[in-house]
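These notes are about the structure you will find just below.
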Amino acid sequence: MPVWSLPFLILLLAMVLYFGNLTLAPAVVASLETLVAVVYVLAVRNRPTEKLVANVLPLLPAQMLLLFGISLLPQPDVLALAWTVIPAASLAYDGVTRRAAFRARTSILAGLYCILWADVIFLLERWIAVGRGLTGSTSIAAAVAFGVVGGLFLFTGIRRHRNAAKE
């Protein structure tokens, strides 16, 4: 993640806190996670890494935009707390990527990748469903569509991780 994008990340956090409907607990957790991410990026910015299967840290601003959208919902706290998995999984993924190769590394990376993206897909679906006021069969259809597309996306990510481990 480029260092120049860190102020943008903090500005997005400020927008979430100012314009959003978060109560104290999710606001504090989101703030702490964002600050930990900023410190982490600053600490590892010049360290070399092995060949990455996926680099998820540059997606932190987009993840913060997702939180911003969620925070604008009438009662966003449960979804905002579910969002807190995303930065934690992103930092864990990068931390494992930067470690020397070890036996379970590929499995851990694939697992973190799936946790991260499954949470993003779930939150996008809920954000749209709640934001649009979808109910009944329309809500179920949206959930199924997101589930199928998300499942294919996760399957592709797992295959990428397995193929990268063979190289």
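Counting only distance, with no hydrogens or angles, the side chain of W127 and the backbone of G69 share a donor-acceptor pair below 3.5 Å. Between the side chain of T156 and the backbone N or O of L152 there is at least one donor-acceptor pair closer than 3.5 Å.
Looking only at side-chain heavy atoms (C-beta outward), V56 and D94 stay at 4.5 Å or farther from each other. Within the 4.5 Å cutoff, no side-chain heavy atoms of L123 are placed close to those of V120. Using a 4.5 Å heavy-atom threshold, the side chains of L59 and I86 count as separate. Using a 4.5 Å heavy-atom cutoff, the side chains of F146 and I128 are in contact. Inter-residue side-chain proximity for V78 and L81 is flagged as unmet; no heavy-atom pair is nearer than 4.5 Å. In this structure the side chain of S90 reaches within 4.5 angstrom of the side chain of L116, judged on heavy atoms. With a 4.5 Å cut-off on side-chain heavy atoms, Q63 and W83 count as touching.
Interatomic distance, CZ of R160 versus OH of Y113, reported as 4.5 Å (0.5 Å rounding). Taken to the nearest 0.5 Å, the CZ atom of F122 stands 11.0 Å off from the CG atom of L124. Between the OG1 atom of T34 and the CG atom of L17 there is a distance of 8.0 Å, given to the nearest 0.5 Å. For the atom pair CG (L11) and OG (S5), the distance works out to 12.0 Å, reported to the nearest 0.5 Å.
Hydrophobic clustering of Ile, Leu, Val, Met, Phe, Trp and Tyr side chains at less than 4.5 Å, counting indirect connections, unites L9 with L65. In this structure, L13 is not a member of the same hydrophobic cluster as V29, with clusters built from ILVMFWY side-chain heavy atoms closer than 4.5 Å. V149 and L66 are members of different hydrophobic clusters when ILVMFWY side chains are connected at heavy-atom separations under 4.5 Å. V44 and V39 sit in two unconnected hydrophobic clusters of ILVMFWY residues. Membership requires side-chain heavy atoms under 4.5 Å apart, directly or through other members. The hydrophobic cluster containing L73 also contains Y18, counting ILVMFWY residues as joined when their side-chain heavy atoms lie under 4.5 angstrom apart, directly or transitively.
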* To do: Apply side-chain contact (heavy atoms from CB on, under 4.5 Å) to R132 and S139, showing your working.
  => CA-CA 10 Å; R132 292 281 187 177; S139 179; over 6 Å; no
* To do: Could you please spell out the steps behind the side-chain contact (heavy atoms from CB on, under 4.5 Å) verdict for T106 and L109?
  => CA-CA 5 Å; T106 301; L109 288 174; 5.8 Å; no
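Of all non-hydrogen atoms in E33 and T84, the two that sit nearest each other are OE2-O, 2.7 Å. The shortest heavy-atom contact between I121 and G150 is CD1-CA, 3.3 Å. Listed here is the closest heavy atom pair of L154 and W117: CD2-CB, 3.6 Å. Residue A110 comes nearest to H161 through the heavy atom pair N-CD2, 3.9 Å, listed as atom of the first residue, atom of the second, then distance.
For the side chain to side chain contact (heavy atoms under 4.5 Å, CB included) criterion with P76, the lone passing option out of L22, L67, T23 is L22.
No donor-acceptor contact under 3.5 angstrom links the side chains of S71 and N21, judged on distance only. Using modelled atom types and a 3.5 Å distance limit, the side chains of N55 and Y93 yield no donor-acceptor pair.
Note on residues 56-81: no pairs pass ring pair (Phe, Tyr, Trp, His ring centres under 6.0 Å), not counting sequence neighbours.
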